[in-house]
Structure formats: C-alpha cells, structure tokens
2 protein chains.
Amino acid sequence: MDQVEIFKALANKARLQILNWLKEPETHFPDYKASCGDNSVGVCVGHIQRKSGLTQSTVSEYLAVLQRAGLVNATRIGQWTYYQRNEIAIKALGQLIATSL
Amino acid sequence: MDQVEIFKALANKARLQILNWLKEPETHFPDYKASCGDNSVGVCVGHIQRKSGLTQSTVSEYLAVLQRAGLVNATRIGQWTYYQRNEIAIKALGQLIATSL
DNA sequence: TAGAAATATCGAGAAAACCCGATATATATT
DNA sequence: AATATATATCGGGTTTTCTCGATATTTCTA
C-alpha cells in the first residue's frame with residue numbers, strides 16, 4: 001500500500017469524481033444494471049466513460065490507476081469489466097490519515 | 001479547501017516525510033528550539049532543509065505547497081519562518097475521506 | 001468463422017511537477 | 001550603512017502526468 005501512489009491517484013478531479021459516482025451507482029448510472037448484463041460487481045467502463053465525457057482510453061487508464069492504488073476492485077465478466085469501490089481500503093485510508101499522516 | 005490540491009500536496013514522498021517529522025519536532029529536530037530563536041510556533045525552514053537533504057529552494061517551495069493546501073501553518077518571526085502541522089485540517093481530511101470520498 | 005462490441009494498450013504532444021542553482025528580499029548584527 | 005543570515009522567488013532542464021487517437025485484445029453473436 002504505497003501512500004504516494006494512493007494520493008497521486010486521488011490528485012485528479014475526474015478520478016475523484018468517478019470514485020464518488022461509484023458510491024451510489026443507481027443514482028449516477030440509472031441503467032447500469034439494465035444495459036450491461038445485470039450484475040452486482042460494479043459498473044462497467046462504458047457507463048463511466050459516457051458520464052465522464054472523457055475518451056474510452058482515458059477512462060480505462062484512470063480506472064487502472066485507481067485499481068493499482070487499491071481504491072477500486074475490478075471484475076471482468078465476459079466482455080465487460082466492472083468496477084466498484086474498495087470500501088475497506090478507503091476506510092483504512094481515512095483511518096491512516098487521521099492517525100498516522 | 002480544494003481536495004485535488006490537498007491530494008497533490010500529499011502525492012510526494014518528501015512532503016509526506018516533512019509532514020511526518022513535524023508531528024514530533026523534538027524527536028526529529030533535536031535542537032530545533034535551541035538554534036533558531038526558542039519558540040513554539042513550529043520548526044524553521046533551515047532545520048527541515050538540512051534533515052531532508054534537498055536544496056533550500058526546494059524545501060521552501062514544498063512548504064509553500066503544503067501551506068497552500070492548508071496542511072501546515074506558517075509563522076514568520078524575524079528572519080525565520082516556522083512551520084507546524086495544521087492538525088485540525090488534517091483531522092478534517094481524515095474525516096472527509098472516511099465519509100465523503 | 002467473421003464481424004461487432006467492450007476494454008486494454010500503445011504512442012505522442014501538451015501541460016504540470018520535480019528539483020536544482022542563481023538571485024532577490026527581509027531581517028538582524030556590527 | 002554594510003554585511004551576514006534566513007527564506008522566497010525566478011528560470012530552466014528533466015521527468016511525470018494528462019489526455020487523446022489509433023490499434024490490439026478479448027469475448028460475444030450471427
């Protein structure tokens with residue numbers, strides 16, 4: 001768990017936005033269950049991409065950055081990759097900052 | 001309080017180090033009270049600079065970055081500028097991450 | 001098996017961060 | 001007033017990040 005890597009991942013408006021959207025998928029991606037294989041392991045890249053307005057490659061890369069930092073988990077199912085927040089890691093980060101920063 | 005600016009400030013090994021040193025000045029800067037005007041508003045730039053091994057200009061800039069992010073407070077007294085952690089802001093950040101990230 | 005759809009990776013130009021040396025500014029001392 | 005000390009700012013070379021378009025890979029479907 002590299003602190004610098006985590007903070008780098010968070011040091012970007014779009015990535016913070018994505019992380020925030022993933023808190024409430026049904027709110028921010030109304031049809032996220034209907035349109036890419038009704039599931040419960042997160043939101044697929046395409047939905048995030050369309051909402052963000054960034055290109056597909058950029059969003060794919062940003063999600064990879066968040067994942068490498070441990071802030072989200074990725075699950076590939078068929079042709080889709082679903083991303084969801086890693087709540088445990090995020091909570092741990094809050095703890096770490098409040099106590100050991 | 002710009003989140004991105006805060007995370008950018010934290011996304012650097014040397015700055016994290018400095019923030020950590022400032023948690024316990026007497027431990028990390030044994031003579032910080034003796035050699036630059038015995039005071040209680042923090043540690044002067046020179047001490048931080050010597051311990052970090054970075055150049056004076058770099059450390060001055062880094063401290064400014066931390067200050068702009070609200071993570072430290074600066075107090076100029078005479079020819080010295082003393083820096084100390086802004087514990088309130090840091091605690092608030094921990095809260096924010098644990099709840100609203 | 002050929003084509004379509006979703007995602008990942010590659011290559012690159014622009015912008016920002018890193019970190020330095022040199023110089024400027026502010027304050028203290030003599 | 002001249003000099004010394006502490007810090008801040010400036011200019012710039014180097015590295016990293018940002019973000020894109022193009023292409024590759026994987027999986028699904030006809």
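Residue numbers begin at 1 in each chain, while the letters A, B, ... track the order of the sequences. For clarity, every value in this text was computed on a predicted model and none was experimentally measured.
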Got a sec, which pairs hit salt bridge (Lys or Arg N to Asp or Glu O under 4.0 Å) with one end in [range], sequence neighbours left out?
| range | result |
| --- | --- |
| residues 16-33 of chain B | none |
| residues 56-83 of chain B | B/E61-B/R68 |
| residues 84-101 of chain B | B/R85-B/E87 |

Between [X] (side chain) and [Y] (backbone), is there a donor-acceptor pair under 3.5 Å?
| X | Y | value |
| --- | --- | --- |
| B/S52 | B/Q49 | yes |
| A/Q84 | A/V43 | no |
| A/S60 | A/Q56 | no |

Using whole Å, what does the distance between atom [atom2] of nucleotide [N] and atom [atom1] of [X] come to?
| X | N | atom1 | atom2 | value |
| --- | --- | --- | --- | --- |
| A/L63 | D/dC18 | CG | P | 14 Å |
| B/R50 | D/dT7 | CZ | C1' | 12 Å |
| A/Q49 | D/dT19 | CD | C1' | 13 Å |
| A/E5 | D/dT16 | CD | P | 14 Å |
| A/Q17 | D/dC18 | CD | P | 15 Å |
| A/I48 | C/dT7 | CD1 | C1' | 12 Å |
| A/R68 | C/dA8 | CZ | P | 11 Å |

Apart from B/I77 itself, what residues make up its hydrophobic cluster when side-chain heavy atoms of I, L, V, M, F, W and Y under 4.5 Å apart count as a link, directly or indirectly?
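Members alongside B/I77: B/V41, B/W80, B/Y82.
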Applying the 4.5 Å side-chain criterion to the ILVMFWY set and letting contacts propagate, would B/W21 and B/V59 be lumped into a single cluster?
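Same cluster.
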Examine A/L16 and A/L71 and state if one hydrophobic cluster contains both, with Ile, Leu, Val, Met, Phe, Trp and Tyr joined whenever side-chain heavy atoms are less than 4.5 Å apart.
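Yes, one cluster joins them.
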Could you tell me whether [X] contacts a base, only the sugar-phosphate backbone, or nothing, with contacts defined as non-hydrogen atoms closer than 4.0 Å?
| X | answer |
| --- | --- |
| B/C36 | nothing |
| B/S60 | base |
| B/Y82 | nothing |

N/O to N/O distances under 3.5 Å, protein versus nucleotides 14-19 of chain C:
unit_1 : atom_1 : unit_2 : atom_2 : d
C/dA17 : OP1    : B/K8   : NZ     : 3.2
C/dC18 : OP1    : B/N12  : ND2    : 3.3
C/dC18 : OP1    : B/R15  : NH2    : 3.2
C/dC18 : OP2    : B/R15  : NH1    : 3.1
C/dC18 : OP2    : B/R15  : NH2    : 3.3
C/dC19 : OP2    : B/N12  : ND2    : 3.4
C/dC19 : OP2    : B/Y62  : OH     : 2.0

Readout for nucleotides 22-30 of chain C: B = base within 4.0 Å of protein heavy atom, S = sugar-phosphate only, - = neither; 5' to 3' it is B----SS--
